[in-house]
S.K.: 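Encoded as structure tokens, here's the structure I'll be asking about.
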2 protein chains.
Amino acid sequence: MSEAQTLAEKVFSELATAIVRGELAPGEKLSEQALVTRYGGSRAPIREAIQKLEARNLVVRVPHAGARVVSLSLEELRDIYEVRLELESMACRLAAERMSDADISALEKLLEEHARSIEADQGLSYYQKSGNLDFHYRIIEGSKNSRLHQMLCGDLYHIIRMYRYRTSTSSERPLQALKEHQRIVEAIKSRDPQLAELLMRRHIQVSLTNLETRLAHEARH
Amino acid sequence: MSEAQTLAEKVFSELATAIVRGELAPGEKLSEQALVTRYGGSRAPIREAIQKLEARNLVVRVPHAGARVVSLSLEELRDIYEVRLELESMACRLAAERMSDADISALEKLLEEHARSIEADQGLSYYQKSGNLDFHYRIIEGSKNSRLHQMLCGDLYHIIRMYRYRTSTSSERPLQALKEHQRIVEAIKSRDPQLAELLMRRHIQVSLTNLETRLAHEARH
DNA sequence: TTATTTAGGATTGTCGACAATCTATGTCTG
DNA sequence: CAGACATAGATTGTCGACAATCCTAAATAA
């Protein structure tokens with residue numbers, strides 16, 4: 001997320017990261033005038049940036065009423081995770097069929113690096129990897145399906161990251177996650193699409209159940 | 001697709017249908033000036049409409065170079081169908097779990113109506129249903145997953161329709177499709193998610209293989 | 001007091017013009 | 001003759017202002 005060929009893209013990029021990081025609270029209104037005074041420029045590029053945010057489902061815009069940071073209901077969040085579960089499982093199946101041997105060995109090296117990282121700082125940083133370093137990202141790329149990549153990394157990725165900080169992972173979770181990742185890579189290496197899909201499905205299902213119990217807990221307040 | 005509260009939405013709606021119907025050829029350039037003289041208004045709402053089209057993947061926009069109607073490669077089209085296959089199968093599984101009895105009986109009535117329609121005009125019109133009358137649309141709604149509905153009906157639906165006219169269905173296909181639809185509803189009625197998903201997967205897979213053979217045939221030219 | 005109405009202010013949608021960038025054509029040079 | 005370069009034209013990005021719409025809050029009536 002670097003090349004900002006136009007002012008609108010630059011504003012979009014900054015706003016997107018601000019929303020994902022929680023600096024702009026869900027439901028908060030995005031006033032065009034306020035954004036102009038903050039980011040400079042005129043209203044035209046700001047409006048364009050807002051519309052790009054709407055395209056990625058990060059803000060909701062209603063005609064003549066303005067734009068607000070998206071605020072997901074519990075049901076909508078569950079819906080998103082449900083779709084992500086299905087699509088990433090699919091990606092893992094396709095990866096087992098289509099990843100090159102070079103891709104797979106590179107993935108193995110990544111996991112070895114992750115293992116050392118966990119050794120070093122007790123697994124605190126394992127979940128903080130992002131972008132090209134992320135295990136899930138590599139799997140999605142390995143599916144060799146551009147639209148699948150676009151949906152998972154473009155549309156769903158930001159929203160999931162936006163709400164991920166809530167799901168505080170237990171302290172043993174990183175090590176367990178690494179083990180699950182290793183088994184998934186084994187399945188991919190042995191070119192077993194069904195097993196790879198199953199393992200990924202179970203792996204993500206843990207996050208989903210974690211989320212659901214947390215949501216059920218929050219719903220009581 | 002009716003309520004156009006703003007000029008930008010109106011232009012967007014008209015352009016979208018024009019693209020889906022093929023009145024604007026894939027790869028054709030969308031000049032802002034030309035659209036202004038055709039649809040009236042100024043460049044601001046036209047630019048907004050174009051950006052909305054980009055959000056739905058109907059046009060591709062590159063900075064300082066303008067917007068063009070999306071022109072999918074064979075691989076990209078295959079990727080889209082692959083994703084659709086997975087998501088609609090998922091929707092069918094969820095529908096078997098979550099549709100109300102009233103929804104299911106309404107679906108049965110729809111199929112009876114389709115059967116009469118095929119009797120009347122030899123099945124020519126069966127594939128031309130759209131919107132709320134469409135069988136697949138009902139299944140997707142039955143999944144009770146708003147994000148899934150949004151992805152299938154909002155993002156993928158238009159593009160698939162855009163290329164559907166190429167896949168000329170053989171004359172016996174409508175009757176066969178109706179039978180498959182009936183079996184899917186049977187599975188849903190008996191609350192068998194796995195079977196419902198399997199039947200839907202096979203049902204769509206026919207379209208996918210039809211498409212692939214057609215694409216392989218076209219690739220020789 | 002509560003509900004309805006009605007100005008007022010603020011915000012968004014739209015417009016026309018200007019600046020920045022790209023594309024195409026033609027020229028020049030090797 | 002091929003290819004790099006430069007200029008001209010057209011197109012897109014941005015700007016500031018005006019019009020249309022909505023939200024708020026004060027004022028009025030029940």
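The chains referred to below are lettered A, B, ... by the order of the sequence lines, with proteins before strands, and numbering in each begins at 1.
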S.K.: How many whole angstroms separate atom CZ of B:Arg68 from atom P of D:dT11?
M.R.: 12 Å

S.K.: Can you sort out the partners of A:Ala18 under side chain to side chain contact (heavy atoms under 4.5 Å, CB included), two or more places apart, ordered by chain and number?
M.R.: A:Glu23, A:Leu24

S.K.: Measure from CZ on A:Arg61 to P on D:dC22 and round the result to the nearest Å.
M.R.: 15 Å

S.K.: How close or far is atom C1' of C:dG13 from atom CD1 of B:Ile46, stated in whole angstroms?
M.R.: 13 Å

S.K.: Describe, in one word, how the ring planes of B:His203 and B:His181 are oriented to each other, choosing from parallel (under 30°), tilted (30 to 60°) and perpendicular (over 60°).
M.R.: perpendicular

S.K.: Taking NZ, NE, NH1 and NH2 as the nitrogens, is one of them in B:Glu82 or A:Arg98 under 4.0 Å from a carboxylate oxygen of the other?
M.R.: yes

S.K.: Between CG of A:Leu87 and CG of B:Leu87, what distance do you get to the nearest 0.5 Å?
M.R.: 5.0 Å

S.K.: Could you tell me the separation between the NZ atom of B:Lys10 and the C1' atom of C:dG13, rounded to a whole number of Å?
M.R.: 15 Å

S.K.: Using atom types as modelled, flag every donor-acceptor pair under 3.5 Å from a side chain in residues 60-68 of chain A to any protein atom, sequence neighbours excluded.
M.R.:
residue, atom, partner, partner atom, Å
A:Arg61, NH2, B:Glu48, OE2, 2.8
A:Arg68, NH1, A:Gly27, O, 2.9

S.K.: Going by atom types alone, do A:Glu76 and A:Ser73 pair a side-chain donor with an acceptor below 3.5 Å?
M.R.: yes

S.K.: Can we say B:Glu86 and A:Arg93 salt-bridge, meaning some charged N sits less than 4.0 Å from an Asp/Glu carboxylate O?
M.R.: yes

S.K.: For nucleotides 15-25 of chain C, give me every protein contact, N/O to N/O, under 3.5 Å, one pair per line with atom names.
M.R.:
residue, atom, partner, partner atom, Å
C:dC15, OP2, B:Ser42, N, 2.6

S.K.: Within residues 47-55 of chain B, find the residues that approach DNA chain D with a heavy atom at under 4.0 Å, and present them sorted by residue number.
M.R.: B:Arg47

S.K.: Atom CE in B:Met90, atom CE in B:Met200: separation rounded to 0.5 Å?
M.R.: 13.5 Å

S.K.: Tell me, please, which residues at least two apart from B:Thr213 pass side chain to side chain contact (heavy atoms under 4.5 Å, CB included).
M.R.: none

S.K.: Counting only non-hydrogen atoms, which of residues 29-36 of chain A are less than 4.0 Å from DNA chain D?
M.R.: none

S.K.: With a 4.0 Å cut-off, would you call A:Asp134 and A:Arg161 a salt bridge?
M.R.: no

S.K.: May I have the step-by-step check of salt bridge (charged side-chain N to carboxylate O under 4.0 Å, His left out) for A:Lys109 and A:Glu113, ending in yes or no?
M.R.: CA-CA 6 Å; A:Lys109 282 187 179 177; A:Glu113 193 178 317; over 6 Å; no

S.K.: If only side-chain N and O atoms of A:Thr6 are considered, is one of them under 4.0 Å from the OP1 or OP2 phosphate oxygen of D:dT14?
M.R.: yes

S.K.: Roughly how many Å is it from CD in B:Glu9 to P in D:dT21, rounded to a whole number?
M.R.: 14 Å

